[in-house]
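Treat the numbers as computed from the prediction; the structure is a model and nothing was measured.
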Amino acid sequence: MKKNVILGALTVAGLSAGAAAAGTLDDVKARGTLNCGVNTGLVGFAAPDANGEWKGVDVAVCRAVAAAVLNDPTAVEFVPTTGKTRFTALASGEIDMLSRVTTWTFSRDVDLKFTFVGVNYYDGQGFMVPKALGVSSARELDGATVCVQTGTTTELNLADFFRTNNISYEPVPVETTAEGQQQYLAGSCDTYTTDASALAATRASFEAPGDHVILPEIISKEPLGPLVRHGDDEWADVVRWTLNALITAEELGVTSANLDEMAANSENPEVARLLGTEGTLGEMLGLDAAWAKRAIAAEGNYGEIFARHIGEETPIGLARGLNAQWTDGGLLYSPPFR
């Protein structure tokens, strides 16, 4: 078993090194389309709507990158990936970037040879149970059956939590979010575990959300963010600083509605550098001066994206919490544009 795991990691690493050599930025420009790996369907983060149009926080990052590089936020080919297929898809070059509620960990960064370019959602793993089960704490789940996606940090955290608390469980492996929801609602498992944001999104999609409870325990750190292949620093810079542009825009009060006004009239030098009216930041990235302006125009700054897809006014109803700007007591923080 260990030998297979090592060989698998080496295979992914080898694919990653080969795919990165081509230069993804040039490939995307030549192709005219960004191939972006996303979830198979998680409302609020990445899911097609009734018209088949992909929407969500992770989708917005893909569109911002396409806008920055290709001057077209719709020039994205969304490639649905599962917990098992996402890393092979990125390493092989099938996708240019992965924006799929993926946790930044040591082994994924170092052993699998991926570069995480930042965090677009600070999360943690939780548990959801039917209210009728009468459970108020995850520590009361001794002997429970647990629906859990394979090939994820969720699977590993689950084992750690039950081991640490000296309780037992029986895993019910699922491949996708949709399968997890289906098995949970069918009663195949007592509890469903995944990132707390995904549990909120899942519960919001139920016919009777009030019949289900998200337990209070958060058992892990899950810094979720987009990633690219190791060894392709030019492309990593583009994706990293596009995400940073969305975060910085919110901090500086730049929105999709006031972009032109801010570009023309702001006396803040960092706003001018961000929006390309002074300096040469775009040139440093291999892009034009208006790259960040286009990225922000695609779906707005980080706060606009959060509010539209998963915020308190949506059915998912998430508060900003850790995902508030650092100036508001959260963890959201971008290096300076200078």
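- Sorted by first and then second residue, the salt bridge (charged side-chain N to carboxylate O under 4.0 Å, His left out) pairs involving residues 157-172 (not counting sequence neighbours) form an empty list.
- Judged as a salt bridge (charged side-chain N to carboxylate O under 4.0 Å, His left out), the pairs with a partner in residues 172-184 (not counting sequence neighbours) are, in order, K84-E175.
- The cationic atom of R108 (NZ for Lys, CZ for Arg) does not lie both less than 6.0 Å from the six-membered ring centre of F116 and within 45° of the ring axis.
- No donor-acceptor contact under 3.5 angstrom links the side chains of T85 and T88, judged on distance only.
- A salt bridge does not link D211 with R203: every distance from a Lys NZ or Arg NE/NH1/NH2 to an Asp or Glu carboxylate oxygen is 4.0 Å or more.
- Rounding to the nearest 0.5 angstrom, the gap separating the OG1 atom in T103 from the CG atom in D195 is 5.5 Å.
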Pair E251-T327, side chain to side chain donor-acceptor pair (under 3.5 Å): steps then yes or no: CA-CA 8 Å; E251 179 186 342; T327 49; 6.0 Å; no
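- Heavy atoms from other residues, nucleotides or ligands lying under 6.0 Å from CZ of F206 number more than 12.
- Note: Q325 CD to S334 OG = 9.0 Å, rounded to the nearest 0.5 Å.
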Contacts table for residues 52-65: side-chain donor-acceptor under 3.5 angstrom, sequence neighbours left out:
{"from": "K55", "atom 1": "NZ", "to": "D49", "atom 2": "OD2", "distance (Å)": "3.4"}
{"from": "D58", "atom 1": "OD1", "to": "N120", "atom 2": "ND2", "distance (Å)": "3.1"}
{"from": "D58", "atom 1": "OD2", "to": "V101", "atom 2": "N", "distance (Å)": "2.9"}
{"from": "R63", "atom 1": "NH1", "to": "P73", "atom 2": "O", "distance (Å)": "3.3"}
{"from": "R63", "atom 1": "NH2", "to": "W54", "atom 2": "O", "distance (Å)": "3.0"}

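- For N165 (side chain) and R139 (main-chain N/O), no donor-acceptor pair under 3.5 Å exists by modelled atom type.
- Side-chain N/O atoms of T177 and Q181 include no donor and acceptor closer than 3.5 Å.
- Classification of D123 and K221 as a salt-bridged pair fails, no side-chain N sitting under 4.0 Å from a carboxylate O.
- The disulfide bond (SG atoms under 2.5 Å apart) analysis of residues 85-114, with sequence neighbours excluded, yields no pairs.
- With hydrogens and angles left out, the side-chain atoms of E94 and S92 include no donor and acceptor closer than 3.5 Å.
- F162 and Y169 have tilted rings, their planes meeting at an angle from 30° to 60° on a 0 to 90° scale.
- Looking at residues two or more places apart in sequence or on another chain, you find no side chain to side chain donor-acceptor pair (under 3.5 Å) involving T194.
- T115 and R229 share no donor-acceptor pair across their side chains, judged by distance under 3.5 Å alone.
- Electrostatic pairing of R338 and E270 does not count as a salt bridge here, judged by no charged N lying under 4.0 Å from a carboxylate O.
- Enclosure of atom CD in E278 by more than 12 non-hydrogen atoms of other residues, nucleotides or ligands within 6.0 angstrom is indicated.
- Classified by interplanar angle (parallel below 30°, tilted 30° to 60°, perpendicular above 60°), the ring pair F306/Y121 is parallel.
- A side-chain donor-acceptor contact under 3.5 Å links T191 to the backbone of M128.
- Rounded to the nearest 0.5 Å, atoms CZ (F106) and CG (D111) are 8.5 Å apart.
- Proximity of a side-chain donor or acceptor of E304 to a complementary backbone N or O of N301 within less than 3.5 Å is detected.
- Looking at heavy atoms from C-beta onward, V254 lies in side-chain contact with L259 at the 4.5 angstrom threshold.
- Side-chain N/O atoms of W235 and D96 include no donor and acceptor closer than 3.5 Å.
- Atom-to-atom distance recorded for Y192:OH and I214:CD1 is 11.5 Å, nearest 0.5 angstrom.
- The pair D237-R240 counts as a salt bridge, with a side-chain nitrogen and a carboxylate oxygen less than 4.0 angstrom apart.
- Shown here are the side chain to side chain donor-acceptor pair (under 3.5 Å) partners of T154, two or more places apart in sequence or in another chain: there are none.
- Judged by distance alone, the side chains of E77 and N35 never bring a donor and an acceptor atom under 3.5 Å apart.
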